[in-house]
Novice: 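The structure is given below, and queries will be raised subsequently.
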Amino acid sequence: MLSALDRRHTVAPPGYSRWLIPPAALAIHLCIGQVYATSVYKNSLIAHFDTSQTAIGVIFSIAIVMLGLSAAVAGTWVEANGPRKAMFVSACFWAAGFLVGSLGIATRQLWLLYLGYGLLGGIGLGIGYISPVSTLIKWFPDRPGLATGLAIMGFGGGAMVASPLSRQLLSFYDSGYDPSNAGSTASGAALVWLFVTLGVGYFLIMMFGVFNVRVPAPQWRPAGFDPAKVAAKPLVTTANVSAANAVKTRSFWLLWVVLFCNVTAGIGILEQASPMIQDFFRDGGVSSVSVAAAGGFVGLLSLFNMAGRFVWSSTSDVIGRRPIYLLYLGVGMVLYTLLAVVGHAATALFVLLACVILSFYGGGFATVPAYLRDLFGTFQVGAIHGRLLTAWSAAGVAGPLIVNGFLDAQGEPGTLTAAAYRPALFTMVGVLAVGFVANLLVRPVPERFHERADPDAGPDQDAQAVAERSGTR
């Protein structure tokens with residue numbers, strides 16, 4: 001049965017519709033996007049383990065760090081073994097993370113939650129995040145931004161599904177839990193069953209993606225597609241670069257800086273969104289924005305984060321990858337400045353500025369695989385993407401540290417005002433400026449890094465050749 005997961009058994013037959021691939025990718029990304037919904041049961045975990053917010057917050061941090069590390073380490077393996085096997089491994093690790101985590105909750109062993117949801121789940125996150133990317137790019141050489149945007153949009157939207165689902169499940173397993181009350185906490189038993197239900201449910205949904213994903217046949221091209229027209233665009237190559245060579249190029253590290261800066265700026269707002277809008281409109285110690293309204297604002301940010309992944313990455317197919325990042329970073333600097341200076345003037349203005357910023361944050365994630373394809377070709381683009389995602393891991397630490405560090409120096413939570421956020425927001429303007437310059441410096445990859453592979457070789461032969469060169473076969 002396991003042989004059905006091999007790449008050779010996933011080659012699409014003639015006439016197979018490429019539009020069946022995005023739903024398979026979405027099945028994976030919608031599930032692993034649950035990682036952004038951990039705040040739903042954070043207070044319940046704090047009460048159950050009788051510990052601090054920091055101790056529970058570490059679970060999310062471990063998962064994000066492992067996402068970047070596993071994507072970087074397993075990227076070449078994913079390319080060599082194909083998307084079906086990679087998606088299956090991701091589903092196993094992701095489900096195991098929930099099940100081991102549920103054991104930790106049941107026995108009140110917090111380290112098992114770190115091991116389960118944090119370590120094992122994080123590995124599932126990383127492999128699952130990159131597993132459909134190179135396949136989508138091979139199926140959509142004419143519209144790589146649209147294709148990756150469709151899939152990675154699911155990761156941004158996963159929390160929109162998981163948040164209300166988790167609340168309803170907790171209320172089903174614990175009649176004393178009120179999903180409409182932010183201060184309500186669920187029992188340990190309800191948390192155990194929540195994790196078991198999510199683990200089993202997500203595994204079954206991810207199996208839909210596993211058994212429906214296909215890779216195109218060697219030399220397949222969409223009808224009417226002319227590679228010469230794509231190659232005529234700036235910064236787009238018809239050559240291929242291996243993952244091992246990609247990390248030796250200046251363009252890879254410049255793009256690493258671009259992604260790091262874009263994510264650092266966006267995640268700073270995302271992590272602080274609910275208290276931030278309340279603090280911006282606080283007068284005399286009382287905020288005019290209710291807890292419920294702040295929760296609605298967080299949901300709106302998630303919607304723009306998700307929509308930006310599709311809209312902006314699709315736009316990049318028309319205007320190019322470097323221009324779209326100039327938009328993310330350049331206009332982002334203007335928006336952060338406006339947020340710091342006049343964001344407190346009106347709630348609608350604050351919401352508008354924050355939503356556009358978060359759409360750029362999401363768009364940056366969805367556009368970067370297509371940017372990598374332009375620079376390095378389709379050969380091992382998934383592995384290169386995995387290595388680049390270490391920028392996400394670093395930004396996931398840096399962004400909250402910058403914002404929280406400034407806020408801790410300004411006063412106690414619940415007493416802050418818009419002025420307390422200005423130093424952090426102006427710092428983010430500087431971070432975006434660094435990314436803006438790095439993006440301008442990106443250049444085509446020199447020919448000495450290009451692969452000398454047989455131009456008629458298909459993806460299987462390419463993967464085999466790399467395995468032989470790297471000694472991993």
Side-chain angles (χ1 to χ4, degrees), residues 25 28-29 31-36 60-79 83 86-87 89-90 93-94 118-119 121-137 144-145 147-149 151-156 158 241-244 246-247 249 251-267 270 305 309 313 321 325 328 361-376 378 380-400 435 438-439 442:
I28 303 297
H29 276 241
C31 292
I32 62 177
Q34 188 275 344
V35 70
Y36 278 149
F60 175 80
S61 298
I62 293 173
I64 294 299
V65 169
M66 288 308 301
L67 185 157
L69 292 178
S70 62
V73 172
T76 305
W77 178 87
V78 170
E79 287 286 351
M87 288 178 176
V89 170
S90 168
F93 272 100
W94 186 232
L119 185 67
I123 293 172
L125 280 172
I127 296 175
Y129 192 90
I130 64 172
S131 57
V133 169
S134 64
T135 302
L136 282 165
I137 288 175
T148 56
I152 295 177
M153 176 182 68
F155 192 86
V241 181
S242 70
V247 296
T249 66
S251 292
F252 174 87
W253 292 107
L254 286 170
L255 201 51
W256 193 99
V257 172
V258 168
L259 184 63
F260 171 81
C261 292
N262 192 63
V263 174
T264 297
I267 210 168
L270 193 62
N305 177 13
R309 293 169 188 248
S313 61
R321 251 57 82 172
Y325 272 97
Y328 298 155
Y361 168 80
F365 276 119
T367 310
V368 80
Y371 207 159
L372 291 172
R373 177 256 170 264
D374 291 349
L375 290 169
F376 303 105
T378 58
Q380 290 210 314
V381 67
I384 299 170
H385 184 215
R387 285 159 172 77
L388 195 77
L389 287 181
T390 54
W392 183 4
S393 295
V397 175
N439 186 49
V442 173

Novice: At what distance, to the nearest 0.5 angstrom, does OH of Y361 lie from CZ of R309?
Specialist: 6.5 Å
Novice: Could you state the interatomic distance from CD1 (I130) to CG (L388), rounded to the nearest 0.5 Å?
Specialist: 11.5 Å
Novice: What heavy-atom pair brings L372 and H385 nearest, and what distance separates the two atoms?
Specialist: CD1-CA, 3.5 Å
Novice: Any idea which heavy atoms bring R373 and V381 closest together, and the distance?
Specialist: N-CG2, 3.8 Å
Novice: Please check if the side chain of S393 supplies one atom and the backbone of I64 the other of a donor-acceptor pair under 3.5 Å.
Specialist: yes
Novice: Set out, in order, the CA-CA distance, both residues' side-chain angles and the distance that settles side-chain contact (heavy atoms from CB on, under 4.5 Å) for L375 and F252, then state yes or no.
Specialist: CA-CA 9 Å; L375 290 169; F252 174 87; over 6 Å; no
Novice: State, yes or no, whether a side-chain contact exists between Y371 and V258 at a heavy-atom distance under 4.5 Å.
Specialist: no
Novice: Would you find a donor on one side and an acceptor on the other, under 3.5 Å apart, between the side chain of S313 and the backbone of G363?
Specialist: no
Novice: Without swapping roles, check the side chain of Y325 against the backbone of V368 for a donor-acceptor pair under 3.5 Å.
Specialist: yes
Novice: Indicate yes or no for a side-chain donor-acceptor contact from T264 to the backbone of G399 under 3.5 Å, with no hydrogens or angles considered.
Specialist: no
Novice: Once you measure the plane-to-plane angle for H29 and Y129, does it fall in the parallel (<30°), tilted (30-60°) or perpendicular (>60°) bin?
Specialist: tilted
Novice: Answer whether the closest heavy-atom distance between the side chains of F155 and V35 falls below 4.5 Å.
Specialist: yes
Novice: Taking all non-hydrogen atoms of both residues, which atom of L119 and which atom of I62 are closest, and how far apart?
Specialist: N-CG2, 3.8 Å
Novice: Whether the side chain of W94 engages the backbone of L125 through a donor-acceptor N/O pair (distance < 3.5 Å, no angle test) should be reported.
Specialist: no
Novice: With no hydrogens and no angle check, is any side-chain donor or acceptor of E79 less than 3.5 Å from a backbone partner on G382?
Specialist: yes
Novice: Which pair of non-hydrogen atoms, one from L136 and one from A25, has the smallest distance, and what is that distance?
Specialist: CD1-CB, 4.0 Å
Novice: Can you tell me if S70 uses its side chain to pair, donor with acceptor, with the backbone of L67 under 3.5 Å?
Specialist: yes
Novice: Which heavy atom in A86 sits nearest to a heavy atom in W77, and how many Å separate them?
Specialist: CA-CZ3, 3.9 Å
Novice: Taking all non-hydrogen atoms of both residues, which atom of I384 and which atom of A243 are closest, and how far apart?
Specialist: CG1-CA, 3.7 Å
Novice: Please round to the nearest 0.5 Å and tell me the distance separating atom CH2 of W392 and atom CG of L259.
Specialist: 9.0 Å
Novice: Nearest 0.5 Å please: distance from the CH2 atom of W256 over to the CG atom of L389.
Specialist: 11.5 Å
Novice: For the OH atom of Y328 and the CG atom of N439, what is their distance to the nearest 0.5 Å?
Specialist: 10.5 Å
